[in-house]
Colleague: 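Pasting a structure below so you can have a look.
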2 protein chains.
Amino acid sequence: MTAKATSRQPAPVDQSYLLGLLGYNCLQAYLKIIPQVKKQLKRVQLRPVEFTVLAVIADNPDINQKRLGETINVSPPNLATLLDRMQADGLLTRQRNPNDKRSQILALTLPGKQRYEKARAGVADLDRPASLSPDEHDQLIHLLQKVFL
Amino acid sequence: MTAKATSRQPAPVDQSYLLGLLGYNCLQAYLKIIPQVKKQLKRVQLRPVEFTVLAVIADNPDINQKRLGETINVSPPNLATLLDRMQADGLLTRQRNPNDKRSQILALTLPGKQRYEKARAGVADLDRPASLSPDEHDQLIHLLQKVFL
DNA sequence: TATTGTTATACTCTATAACTATA
DNA sequence: TATAGTTATAGAGTATAACAATA
């Protein structure tokens, strides 16, 4: 269901070397999946990284910026400006930890929670490629997590 | 071998929802792998996308820009400037196809081939996480390719 | 002194529109 | 009219250094 329908397919591109590299495969799979996710999230005015932030705060009330940033791989400077924007957008609050006034405690506002729930509904089962059986999907995720967890 | 050695681990961050999303897993695995690859490639003055370009041209002599860009997921405008740079760097040549003067035929120069071989040596078996057995590594790549091929 | 977070800034990467030349 | 590639440009993402406040 790709180039098959066109008149005459040229010799396929030889990617044999690259296809043996795990990093290349991870990136290409990600690039295949992400456009649809982006499109759905755009409907609720969220970018992927913002959705990720909402998800982590939703499941980890009162998490601080350091742990959030480490978890989702966003550096402190970039996280600061990202959270500035999301806070201005009314999605979350930041308050200093009384026990350690250096750290900021993050929490979702009601609109933040609502936007997150709406986003989740749109994303649900969206990144399940039809080419994978449920078992393969689970197995793939399991193996990926052995890489980065 | 992560936070285990530190004095006292805080409750781990709950990522249960995100960890069920295939796209998130692909990205995090990629982010885990890519820094070492980047570091190795930097030694031969290449960025990942440049290494990818060299690899595709090396295995597909006389490929044109359209097919290269489709294969590695780089848009025509971005590919044009990327190839400008690589050509100026002496890594490859572009010549118009006599049979269709719109398209550019790409080829590696000798320095391009040499740089590519050097890069390959540095990258070899670099993106094989110790946490995966050889079988798991192969299985993971197989499943990823079911997603994007 | 070390840690948390911020500001400023530069650099890279990606996306879009308008264009040239060839077909 | 359609296609291959280019140019220009804007936007998003990422990286680095210097800083303030707190511990």
Side-chain angles (χ1 to χ4, degrees), chain A residues 3 6-8 10 27-28 30-32 34-35 37-39 41-42 45-53 62-89 92-106, chain B residues 3 6-8 10 23 27-28 30-32 34-35 37-39 41-42 45-53 57 62-89 92-106:
Chain A
T6 62
S7 51
R8 164 185 64 92
L27 178 59
Q28 294 303 322
Y30 172 75
L31 291 176
K32 177 82 175 195
I34 199 64
V37 175
K38 262 186 175 166
K39 195 179 160 193
L41 290 177
K42 202 166 194 176
Q45 303 263 64
L46 288 176
R47 289 175 305 154
V49 68
E50 292 167 339
F51 177 65
T52 304
V53 165
D62 297 345
I63 191 173
N64 67 18
Q65 295 186 196
K66 181 171 200 296
R67 299 187 71 210
L68 171 60
E70 284 170 355
T71 302
I72 66 174
N73 256 298
V74 176
S75 67
N78 295 331
L79 187 59
T81 56
L82 170 58
L83 293 177
D84 282 348
R85 191 157 27 88
M86 294 180 71
Q87 192 173 10
D89 200 19
L92 52 84
T93 60
R94 281 192 274 195
Q95 47 182 323
R96 294 285 167 188
N97 182 346
N99 300 325
D100 181 345
K101 287 179 195 152
R102 292 172 303 181
S103 73
Q104 298 262 47
I105 290 182
L106 303 170
Chain B
T6 61
S7 53
R8 164 185 64 88
L27 178 59
Q28 295 302 322
Y30 172 74
L31 292 176
K32 177 80 175 197
I34 199 62
V37 175
K38 262 185 175 164
K39 195 179 160 194
L41 289 177
K42 203 168 195 174
Q45 303 263 63
L46 289 175
R47 290 175 305 153
V49 67
E50 292 167 338
F51 177 66
T52 304
V53 165
I57 301 177
D62 297 345
I63 192 172
N64 66 21
Q65 294 186 199
K66 181 170 199 293
R67 300 187 69 208
L68 171 61
E70 284 170 355
T71 302
I72 66 174
N73 256 299
V74 176
S75 68
N78 295 331
L79 186 59
T81 57
L82 170 59
L83 293 178
D84 282 349
R85 192 158 27 88
M86 294 180 72
Q87 191 172 10
D89 199 19
L92 51 85
T93 59
R94 282 192 273 195
Q95 47 182 323
R96 294 286 166 186
N97 182 345
N99 300 325
D100 181 345
K101 288 180 193 150
R102 292 171 303 182
S103 73
Q104 300 262 47
I105 291 182
L106 304 170

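Chain letters run A, B, ... following the sequence lines, proteins first, then strands; residues in each count from 1.
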Colleague: Which whole-number value in Å describes the distance from A:Arg67 CZ to C:dG5 P?
Modeller: 11 Å

Colleague: Expressed in angstrom and rounded to an integer, what is the separation of A:Ile105 atom CD1 from D:dT22 atom C1'?
Modeller: 15 Å

Colleague: Do B:Asn97 and B:Gln104 have side-chain atoms, one donor and one acceptor, less than 3.5 Å apart?
Modeller: no

Colleague: For A:Thr81, which residues count as a side-chain contact (heavy atoms from CB on, under 4.5 Å) partner, sequence neighbours excluded?
Modeller: none

Colleague: Please report the closest heavy-atom contact between B:Pro48 and B:Lys38, naming both atoms and the distance.
Modeller: CG-CG, 3.8 Å

Colleague: With the threshold set at 4.0 Å, does a side-chain nitrogen-carboxylate oxygen contact exist between B:Asp62 and B:Arg67?
Modeller: no

Colleague: Quick one: do the B:Asp100 and B:Ser103 side chains pair a donor with an acceptor below 3.5 Å?
Modeller: no

Colleague: Between C:dT6, C:dG5, D:dT6, spot the one nearest the side chain of A:Arg94, thanks.
Modeller: C:dT6

Colleague: Within the structure provided, determine whether B:Glu50 and B:Arg85 are in side-chain contact (heavy-atom separation under 4.5 Å).
Modeller: yes

Colleague: For nucleotides 14-23 of chain C, just jot down a letter per nucleotide in 5' to 3' order: B, S or -, based on protein non-hydrogen atoms under 4.0 Å.
Modeller: BBBB----BS

Colleague: Could you check how far CD of B:Gln104 sits from C1' of D:dT7, rounded to whole Å?
Modeller: 14 Å

Colleague: So does B:Gln95 have more than 12 non-hydrogen atoms from other groups sitting under 6.0 Å from CD?
Modeller: no

Colleague: Atom CG of B:Leu68 and atom P of D:dA4: how far apart are they, to the nearest Å?
Modeller: 14 Å

Colleague: Give the rounded distance in Å between these two atoms: CD of A:Gln95 and C1' of C:dT4.
Modeller: 16 Å

Colleague: Find the distance B:Leu106:CG to D:dA4:C1' and express it as a whole number of Å.
Modeller: 12 Å

Colleague: Starting from the 5' end of DNA chain D, give me the residue, B:Leu83 or A:Pro48, whose nearest nucleotide shows up first.
Modeller: B:Leu83

Colleague: Using whole Å, report how far CG of A:Leu79 lies from P of C:dT6.
Modeller: 8 Å

Colleague: Whole angstroms only, please: what is the CD-P distance between A:Gln87 and C:dG5?
Modeller: 13 Å

Colleague: Could you work out which one of D:dG5, C:dT4, C:dT7 sits closest to the side chain of A:Lys66?
Modeller: C:dT4

